[in-house]
Amino acid sequence: MAKTFKLGQRLRYPITISKIFKNAGDGVVKKQPILQYTFKFERKVGDPALDEERTIIENGVADWDSPTEGKIKKWHVQEGDIIDKDQNLVVVEETCSHEIQYAGLCALCGKDMKEQDWSTEALDTERATVSMVHDNVALTVSREQAERAEMQLQRRLLKDKKLSLVVDLDQTIIHACIEPTIGEWQQDPANPNYESVKDVRSFQLDDGPRGLASGCWYYIKMRPGLSKFLEKMAEKFELHIYTMGTRAYALNIAKIVDPTQKLFGNRVISRDENGSMTAKSLQRLFPVSTNMVVVIDDRADVWPHNRPNLIKVTPYDFFKGIGDINSSFLPKREDIIAATPVSNSKPPTPNGNASPATSENVVAKPDGEDAILQLQAEEQERALEKQLKDRPLLHLQEELDREDEQAEKQSLKEGDSEEIDTNGHSETPTHHHRHNILRDDDEELIFLEKHLTELHRSFYEQYDARVATRKLEDVTSGLVPDVGLTLNYLKSQVLRGTRIVLSGLVPLGVDVRKSEIGMHAQDFGAEIRTRVSPDVTHLVISSSRPRTQKVRQAARIPSIKIVNQNWLADSLAQWRKLDATPYLIEIHPSDRTTDAAQVPANSPTRPRITIVQTGHRDLEQAQNDEAEAGDADDSAEDEGTSVGDDDDDMDKFDVMPRDLEDGEGSPVDGINQTGWDDVDKELEDRDTDTEEPNNKKRKLGTADDDGSFEGAPGSVLSKKQRIARARTTALRNVKNVGDDDAEGSGLPTPMGTGDEDDVGIQAIGDDGDGVSNGTEEDAGDEDFADLEAELEAELEAEGQG
C-alpha cells in the first residue's frame, strides 16, 4: 500500500534539498538515509566574560532517514528546492502497512509499533486505532481497514436482506438475581411460585464477586417467548450482544439463550471491552456507519449518541424489586414510567430499577478509569451481599401468605358456616389457597417482534427502490437508507397530534421536555406541554397521586382525557395510540367544579372554606418560583407527605384556580351569598327604630360601632344577615401570612411544591369524603338548613299577608 510521508515539523526551515540518494523504483529500508539537505543556523562564538561574544551564521548538513520499508514510488521534491515549511516529501509503496495490530505489534509483519527514536513524531500504533472485534480491545485496525470491513459487511447483509441487531441482556431479554430463595422454590413443588421458577436457569462465576457473594448462584429467567423471538429475528437480523456485565457473565447468559451459538456466535461485547464507564456506543462495533444497525435496550440514557437507532423496551422485572444487578456500572436511571402497583405484591423500589444499594452511583470517585471500575465493582458486591442477606423475595412471599391467612380468617368471621359431619365434628377446611408473587405474563417480545419486522420491511422497501436500476456491487452510502431515520419516522406517527401534560411522573425541578420520559414521548410524536389548557388532549398522572392541581384544572375541561401512566407506557410499548377509556381515572366530585354555589347547602361534598391570604409579595414569589422551575411537572408537590395527610386534604377543593393569577376570577365568586339587593330594598322600606339595652336609639339598618349591620332580633332581615355572615365566614377571617396571633395559628404557611405553587387559598375542614372535620365554622353551619327553612316560611307568610 502506498503511503505519503512528509518532511516533518522538527527541521530547521528553510532547508535546501542538496542530494537525493534514492530514485523512484528503488527499494528502501527503515532508518536508511534517502535524502540530504542543508540549512542555516546561528551560533554564538567568543568569550562573553571579555565582552567578545558574537553571533555567526553557519551552514548545516543533515540526512533524512526513511520512516518505513518498501519501494519509492514518487518524489514531491527535487535537488536544489528550497523548502520553507513542512510539506509532502515522498510516496513509498510499503512492504507492510501495519493496518492490523495486536497489543502494539503488527499482526502482519510482527514488528514493534511502539519503537521510536529522536526523529519520531508519531508512533506506528496510530496507524491502527479502531477496535472492531467484540471480544478483544487489543486487536485494532486502521480507519481504512475498518471502512473496507464495514463495506463488506453491508454487502453481505444487503445480499441476505438482513440488518444488524444489537441486543442488551439485563431486563431486556433476561432478568437475573442471586436470591437463594429461587433455588429453594425450585425444589418445593408445594410452593405457589414453583411453576413460575421451573424454567429458571442458574450458573456460578469463577471470577465473580468477592466477599459474601463469592461463589453465589446466578438465577436467570428468560423473557417469555425469547427462544422463538430470537429465531425469528435471526432470519432478518445479524444478532450481537452488548451488556454492561462482565465478559464471563455475558458468555454464561449467551450459553443459556443461544446454546448452539447459531444466533449470536461470538458476537458478544461486555463492559470489559466497552471502553466507557457510563455509556454504550455503536461506534465501538460499527466505527464507520450505523445506517444498518438497530438497538433494543431497556435503557435509553446509556445510548447518548445513538438514540435514533434505539428501540426502548419495557424493563423485564420478573424477580420483583431486584432490578438490574449490573446497574452499579451505569448512571442512576430516571426513565421508567412506574406501573400501577399490583395489589398482592409490594411496589418496586422508588427508581423502578433496583434496590437502593444497586441503583445509586458511587458518590466519590477517584481519578483513573481503573479506580472508578474498582469502586463500581465494590458497589455491586455490596448490593449482591445485601440481596443474599435480606432475601427480599422470601419476605414478599411471607407477607403475601400472611395477607391470605388474614383474609381467610376474616371471611370465616363474617359468616362462613361450618359444615358438621354425622359425628358432630366441624368440617371447616383449614387449608387456604396461597398466591404467588412471581408472574410470567410479560408480552413485550410480542410487540417487539412486530416493531422490528415492520422496521425491516420499511428499510428494504426504500433500499429496493433506490437500487432498482443498479447492481448490488455498486453499494454506496447514498444508496443505503439510514435505519435510524426510518425508525424515527415510524415512531413519530404513533402519538402524532396528541398534546400531553405530565403530572407526578418527573421530579420537581427537572425540565419535562428533557426528562427521559418526556423525550421518549416526543420521539413517538407527542407534544409535551407544561400547563393545562383547552387544547391539551391528555393529562397523564401517577396512580399514586390522583389529586394534583393539574388534575383539578383538567377536570374542568371536558375534552381532556385524564389517564394514569399505564396509558402512556402501553401506547409506547405497543406503538399505537390506545383508547384512553380503560385508563381514565375517577375524578372526585369536588374537583369538577369551582363554584360552591352549584353544590347544595346540605350536600356532603360542599366544602368548608377558609381563605388564607398570601399577599401580593407571596403570590408573586410563588409565581417566580414556578417560573424558575421551568418545565418541571408536579411530581414532588407533596414531597414528605402521604396521600391523605391533612395538608393534602386542604387542597382537595380548588378554591383558587390558576386563572386567578391572570385576574380572571375571585376567590369568593363561588360563595353562595344572600341576595344583597333584597336586603337593601328591605332596609329602605323599614325605618323603625329599635331600643338599645342602654336606652340609646338607632335607626334600623344603620351600622353598629364595629361597622356591622343588625336588624331586629328574629326579623326576616336578621335571619338573612345571619345566613349571609355564616356563608361568608372566610371573608371575615382573612389572615395574612406572618400576622401575629396570640393564640397561634393552625393554618399552614403556603409552600412551593410542584403544581401547588400557585394556590393562594386552601380549603380546610374537609378530607374529601364530604364530612366536616370540626372546624370552628362548622358549629354555625349546622343550623343552615333550619334557618333557611324558617326564613322561607316567614317570607311565604308575609307574601300571603
Side-chain angles (χ1 to χ4, degrees), residues 167-188 191-203 216-230 241 243-245 249-250 252-254 256-257 296-299 312-327 333 335-349 351-355 358-359 383-384 386-388 390-400 434-449 566 569-570 573:
V167 181
D168 173 56
L169 292 181
D170 291 297
Q171 291 199 276
T172 297
I173 63 172
I174 60 100
H175 196 201
C177 77
I178 63 167
E179 232 271 39
T181 304
I182 301 300
E184 296 171 3
W185 288 347
Q186 287 182 314
Q187 304 300 320
D188 183 10
N191 189 278
N193 297 286
Y194 176 75
E195 291 296 326
S196 298
V197 300
K198 278 199 309 185
D199 61 346
V200 171
R201 305 288 295 277
S202 59
F203 61 82
C216 66
W217 284 91
Y218 285 78
Y219 297 97
I220 308 299
K221 179 66 175 67
M222 292 191 292
R223 202 157 198 161
L226 178 62
S227 297
K228 182 180 178 182
F229 168 80
L230 292 178
I241 288 177
T243 178
M244 277 304 200
Y249 173 83
N252 274 277
I253 302 295
I256 293 174
V257 301
I296 57 173
D297 201 321
D298 68 300
R299 296 189 61 159
K312 184 180 180 298
V313 304
T314 303
Y316 183 41
D317 191 26
F318 177 74
F319 302 114
K320 299 299 181 184
I322 298 297
D324 183 351
I325 64 173
N326 289 304
S327 64
R333 73 185 308 158
D335 60 330
I336 291 184
I337 304 176
T340 305
V342 181
S343 59
N344 66 348
S345 64
K346 287 185 177 180
T349 51
N351 62 10
N353 175 37
S355 61
T358 315
S359 61
L384 296 178
K386 179 176 175 61
Q387 193 178 136
L388 286 173
D390 294 352
R391 304 190 71 170
L393 295 177
L394 177 61
H395 292 320
L396 283 175
Q397 184 61 51
E398 290 175 344
E399 182 176 338
L400 184 58
R434 298 174 64 192
H435 293 85
N436 58 305
I437 63 169
L438 301 182
R439 298 182 178 180
D440 200 16
D441 53 1
D442 182 88
E443 297 181 340
E444 181 70 14
L445 295 184
I446 297 176
F447 304 121
L448 188 56
E449 180 183 333
N566 292 339
D570 292 348

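Since this is a predicted model, take the numbers as computed values, not measurements. Starting from 1, each residue takes its place in the sequence as its number.
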Taking every non-hydrogen atom, the tightest pair across P224 and L445: O-CD1, 3.4 Å

4.5 Å side-chain heavy-atom contact, F319 and K221: yes

Donor-acceptor contact below 3.5 Å, side chain D297 vs main chain T172: no

Interatomic spacing from CD1 in I322 to CD in Q171 - rounded to 0.5 Å: 10.0 Å

CA sep, side-chain torsions, deciding dist, call: V197, Y219, side-chain contact (heavy atoms from CB on, under 4.5 Å): CA-CA 10 Å; V197 300; Y219 297 97; over 6 Å; no

Rounded distance [0.5 Å steps], CG in L400 versus CD1 in I437: 7.5 Å

The single option from T243, D298, I253 passing side-chain contact (heavy atoms from CB on, under 4.5 Å) against D170: T243

Check: D390 side chain, P392 main-chain N or O, donor-acceptor pair, under 3.5 Å: no

Trace of the side-chain contact (heavy atoms from CB on, under 4.5 Å) decision for F229 with L448: CA-CA 9 Å; F229 168 80; L448 188 56; 3.7 Å; yes

Test side-chain contact (heavy atoms from CB on, under 4.5 Å) applied to M222 and D199, step by step: CA-CA 8 Å; M222 292 191 292; D199 61 346; over 6 Å; no

Side chain proximity check, F203 to I256, heavy atoms < 4.5 angstrom: yes

Note, L438 side chain near F318 side chain (heavy atom, < 4.5 Å): yes

Distance-minimising heavy-atom pair for T181 and R391: OG1-NH2, 3.0 Å

Donor-acceptor contact below 3.5 Å, side chain H175 vs main chain D324: no

Test item: I174 and L226 side chains (from C-beta on) under 4.5 Å apart, heavy atoms: yes

W185 and V200, any side-chain heavy atoms less than 4.5 Å apart: no

R299 and M244: CA distance, side-chain angles, deciding distance, side-chain contact (heavy atoms from CB on, under 4.5 Å) verdict: CA-CA 12 Å; R299 296 189 61 159; M244 277 304 200; over 6 Å; no

Under 3.5 Å: donor-acceptor pair, side chain of Q397, backbone of H435: yes

Atom pair CG/CG of N436 and N191 - distance to nearest 0.5 Å: 8.5 Å

Separation between CD1 of I173 and CD1 of I220, rounded to the nearest 0.5 Å: 10.5 Å

Exercise: identify the closest heavy-atom pair between I178 and C216: CG2-SG, 3.8 Å

A176 to Y249 - nearest heavy-atom pair and separation: CB-OH, 3.4 Å

Separation of D440 CG from E195 CD (nearest 0.5 Å): 11.0 Å

4.5 Å side-chain heavy-atom contact, R223 and D442: yes

Euclidean distance, T314 OG1 relative to K312 NZ, rounded to 0.5 Å: 6.5 Å

